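Keep in mind that what you see is a predicted model, and the values were worked out from it rather than measured. Lettering of chains follows the sequences in order, A, B, ..., and the numbering in each one begins at 1.
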Number of protein chains: 2
Amino acid sequence: MKTADPELMRAINRFHVMDAIRRFGPVSRVEITEFTALSPTTVSAITAALLDDRLIIPEHVGAVRDLGRGRPRVMLRLNPEAAHVVGVKLASDQITVAVANFCGEILHSLALPVRIDRQTATVIADLVEDGVRRCVSDAGLELSGVSGICVGLPGVVERAAGICRQSPVLQERDVPFGADLAARLGTPASIDSDVNLAALAEHWFGQARGLNDFLVVNVERSLGLGILHNGELFRGANGLSPDLGDFMLRAPGEGGGRLADVASETAVLADAEPFLKGVAGDVPARPDRAMAALIRRAEAGDGDCARVLARAGESLGFAIANLITLFAPPKVIVSGRAMTASDCFIHPLRAAVAASLPASLADVSDIVVREWSDRIWVQGAAAMTLRDLYGAPWGTTGPAPPARGIGAAQAGGSA
Amino acid sequence: MKTADPELMRAINRFHVMDAIRRFGPVSRVEITEFTALSPTTVSAITAALLDDRLIIPEHVGAVRDLGRGRPRVMLRLNPEAAHVVGVKLASDQITVAVANFCGEILHSLALPVRIDRQTATVIADLVEDGVRRCVSDAGLELSGVSGICVGLPGVVERAAGICRQSPVLQERDVPFGADLAARLGTPASIDSDVNLAALAEHWFGQARGLNDFLVVNVERSLGLGILHNGELFRGANGLSPDLGDFMLRAPGEGGGRLADVASETAVLADAEPFLKGVAGDVPARPDRAMAALIRRAEAGDGDCARVLARAGESLGFAIANLITLFAPPKVIVSGRAMTASDCFIHPLRAAVAASLPASLADVSDIVVREWSDRIWVQGAAAMTLRDLYGAPWGTTGPAPPARGIGAAQAGGSA
DNA sequence: AGATTTAGTTTGCATCTCGGACAAAAGCTG
DNA sequence: CAGCTTTTGTCCGAGATGCAAACTAAATCT
């Protein structure tokens, strides 16, 4: 822990002010005073410095009449132009790149439908580099005007070191993606687990605003786990992001079994392949269609197909129950593509959680399903970079904006 | 997060200084300057205040000649008399009470061999109250001279609220032990999970000094889990301590199964009872003897007995593997009574961990077995209370003392 | 037009840390 | 033994910060 000096003091309070402005949209100095419990003097001084640095801008228009009387409030908001960041999401079949402004609004995005899981890390880095350059240029910016880049990908990532230890989309291990991209693009670059980014995006912009503890479970070809604990992204001892796919379902003497081998899309499709013969074409080549067919048949009453999905849901529910026992989060967000939306998957999942939790934790966690667009990932990557720019001194992820007032409901989503 | 003002600044730095003094034994101001990276001026000012408050004392004796030349260093150390705290540990068959000084040294302790698991919470509180009064008085102190009391007990504890949600030693649920004891004794009282206290004691005084991440798994009649993560005791979202016994071993569709029903001493003895007929007397009444007999027979080659232990070890290993996947701690401390010391238990445990971990985490965690005396629990309770007295401003558990210099190897232990 | 009300700023003061000068206390040197 | 050297610890002034209170600004109310 850093020792305290006036500079740290200022950094902490400046962060609080920035955070309040980000969370509560256009906001006046008095309101910042209330939210942060800082004195008006301090708020005034800090906002003056932020205005001076052009990180925030005043909004003189007295659009909403506050309270009739008195001097009108000058609303302050983040300056969207204060910085630009790039978010990149690597999925097995697609690279998504987006440029966002200082408010986390996406200015331009770009999708490269490439099956990167059969490419080497170098090729992937080439593709990412090209994508970033193009996306930045299409957004009307220069690379030199970009303050940071964050790449999200599934697997085990050591963010601090900028190394991807292992990922389903990379053949190699211990890939130093962070340093590589930073060198290629001449811009600060970081990497993180994709689900961590999604969790951060939910915290900043999404459903989990204002919630300091929740889990995000993402089911795609691999299984991702993002944990927000005490307002912070939770990481293992070395800054490692945990991989839900590595969770074991049984003791080795009872057959063992990784969760990824049961509950991922890949595993489900492999299990279901015998029942899909003739219905869907070549299962491995067109997983989307195969999955759609599987769900259709299961929901239509096909017992074999339903059982495959139920087994996956139940296994995942079992793992989630153990996580709830550990973290006691008020909310668990299950996301993914088509599969997680199906009752044939979710019902067994919920049942398994309910059956596995001890009585004392039976009602603490609300499990919700949420389908994400590509947007969320890159938004998370942007938020991660912005977090650094805001200068959080002790590493706290800024909390989240509750919807408030007119025009504040721009980024929310429904379950 | 609290906003920063000069007071917080001072609190942070004072804590760093206190922490350095605690960790590095008698230490001079220059050394504190080195350890904390504070300026000599600041260290001087803070130590002067601490001396003024009698929290630390100077040691003028130039015992060890430092470097021949120059003004000799004035060594500073915690004042043992600065405060006294009481630690209490509730186990199913015993209450242990101890009085410790400001350095965490146990001045006096007292054991009440009572099977509290068949008593009501009120009776237990009576017993604890009597024990504390007696122990304090036997230590030659007044209750008014005690700065705080901490009670450790197995189960799910919500420390912040002072409530024990559920415990194997309490018949009731949601027992507000903290407030109750505070009212009875007129002294600040807190409660925590016993394993959390053990983890804290290991961190302050024991094997895990200097280690900021480790797990403690305690096997007794119930299964406890203590997690030290980033130098802090890890708690769930509401400040709940997790209970390892509530971990599930399989999905409900595959039979479910709580870990506590397989790997606790109680469960092992229940499983082994048929094989112990005639060898040990009445198993439930004399669990210690029955366990000893079980281990003896297992190690002598009795297949049935060995299998019971192996199953418990393997199940626990499975759970530990999943925890390692999540936390990636460099060390896992398995503790308990006789059972955990037996190879018939530990070997299957290690094997299960090795078989369950993904390759990327194969070597991160060192699993050690440690047998504890009652001492560790009350020491942890003392440390927990001292931590508050030290005034850690942002809630950090003070780190740990590396062995250094003469006579510094008093509290270590071997695996 | 003046009172009232609310927002934000300026002023004065206390606290903190820090760098550099300074005092203290020992050994070394001749 | 007196003076030099070395190391430790303290004092002083500068710089930065936050806060309370007085003050200015800008609107509505009467």
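- The side chain of A:T41 approaches D:dA21 more closely than any other nucleotide in the set C:dA26, C:dA23, D:dA21.
- Rounding to whole angstrom units, CD of residue B:E59 and P of D:dG9 are separated by 13 Å.
- Not a single donor-acceptor contact under 3.5 angstrom links the side-chain atoms of A:S28 to the base of C:dG8.
- Heavy-atom distances to DNA chain D give each of B:A45 and A:P40 a nearest nucleotide, and the one nearer the 5′ end belongs to B:A45.
- Ring geometry for A:F24 versus A:F35: interplanar angle under 30°, hence parallel rather than tilted (30 to 60°).
- Not one side-chain nitrogen or oxygen of A:N13 sits closer than 4.0 Å to the OP1 or OP2 atom of D:dT17.
- For the pair A:L76 CG and C:dA7 P, the computed distance is 13 Å after rounding to whole Å.
- No donor-acceptor contact under 3.5 angstrom links the side chains of B:S241 and B:R159, judged on distance only.
- Rounded to whole Å, the distance from CE on A:M9 to C1' on C:dC18 is 14 Å.
- At a threshold of 4.0 angstrom between heavy atoms, the contacts of B:V43 with the nucleic acid are absent.
- Annotation: side-chain contact (heavy atoms from CB on, under 4.5 Å) contacts of A:T47 (sequence neighbours excluded): A:V17, A:R29, A:I32, A:V43, A:I56, A:L76.
- Using bins of under 30°, 30° to 60° and over 60° for the plane-to-plane angle, the ring pair A:F327/B:F327 lands in the parallel bin.
- Of the possible donor and acceptor atoms, none in the side chain of A:H203 sits under 3.5 Å from a partner among the backbone N and O of A:L233.
- Side-chain proximity of A:T42 to the nucleotides C:dT17, C:dC18, D:dC19 is greatest for D:dC19.
- Closest to the B:D5 side chain, of the nucleotides D:dG15, D:dG18, C:dG19, is D:dG18.
- Rounded to an integer number of Å, the gap from A:E31 CD to C:dT6 P is 14 Å.
- In the set C:dT17, D:dG9, D:dA26, the nucleotide with an atom closest to the side chain of B:V30 is D:dG9.
- For the OP1/OP2 pair of C:dT17 and a distance below 4.0 Å, the side-chain nitrogens and oxygens of B:R10 include at least one atom meeting the criterion.
- Whole-Å rounding puts the B:R73 CZ to C:dG27 C1' distance at 15 Å.
- On a pure distance criterion of 3.5 Å, a polar donor-acceptor pair joins the side chain of B:R71 and the base of D:dT8.
- Distance, B:M75 CE to D:dT7 P: 16 Å, rounded to whole Å.
- Whole-Å rounding puts the A:R14 CZ to D:dT17 P distance at 9 Å.
- Distance from the side chain of A:P72 is smallest for D:dA26 among the nucleotides D:dA26, D:dG18, C:dC16.
- Rounded to whole Å, the distance from CD on B:E34 to C1' on D:dG9 is 14 Å.
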